[in-house]
Amino acid sequence: MPKQHVKYLWDLHPDMAACLGVGLQRVARRLEDRLQPDGLTLFQSNRSAGWQTVFHAHFHLVPRSESDELVPSWTKRDGDYED
């Protein structure tokens with residue numbers, strides 16, 4: 001994992017981004033092995049408009065199940081209105 005502090009994905013040196021990709025895959029494989037989820041969501045946020053609340057580059061690996069109630073933020077839900 002990187003020791004250099006960067007706020008955003010854009011600030012990562014390409015070599016560090018490549019190493020992070022390898023590390024993310026290792027963690028994902030470990031989650032698959034240990035938890036056997038139905039799926040996995042990986043996300044990373046940049047700046048306030050991108051939902052970043054902790055201002056250093058970091059990633060979230062979220063094990064998923066078919067029955068969980070998480071939906072993508074861009075999914076229309078009951079109660080949403082149309083213009």
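A heavy-atom distance below 4.5 Å is not found between the side chains of L70 and T41. The shortest side-chain heavy-atom distance between L40 and E32 does not fall under the 4.5 Å cut-off.
Ring geometry, H60 versus H58: the interplanar angle exceeds 60°, so the pair is classed perpendicular (tilted spans 30 to 60°).
Residues R47 and Q52 approach most closely at N-OE1, 2.6 Å, considering heavy atoms. Nearest approach of P63 to P37, heavy atoms of both residues: CB-CB, 4.0 Å. Of all the heavy atoms in S48 and F55, the pair that sits closest is OG-CZ, 3.9 Å.
Neither F59 nor V62 shares a network with the other; the hydrophobic side chains, linked directly or stepwise wherever heavy atoms of I, L, V, M, F, W or Y lie under 4.5 Å apart, form separate groups for each. In the hydrophobic clustering of this structure, L31 groups with L24; members are Ile, Leu, Val, Met, Phe, Trp, Tyr whose side-chain heavy atoms approach within less than 4.5 Å, directly or through other members.
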Table please: side-chain donor-acceptor pairs of residues 7-19 below 3.5 Å, with sequence neighbours left out.
unit_1 : atom_1 : unit_2 : atom_2 : d
D11    : OD2    : Y8     : N      : 3.4
H13    : ND1    : D15    : N      : 3.0

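In this structure, CZ on R64 lies 10.0 Å from CG on D38, to the nearest 0.5 angstrom.
Listed by chain and number, the residues in a salt bridge (charged side-chain N to carboxylate O under 4.0 Å, His left out) with R30 amount to none (sequence neighbours excluded).
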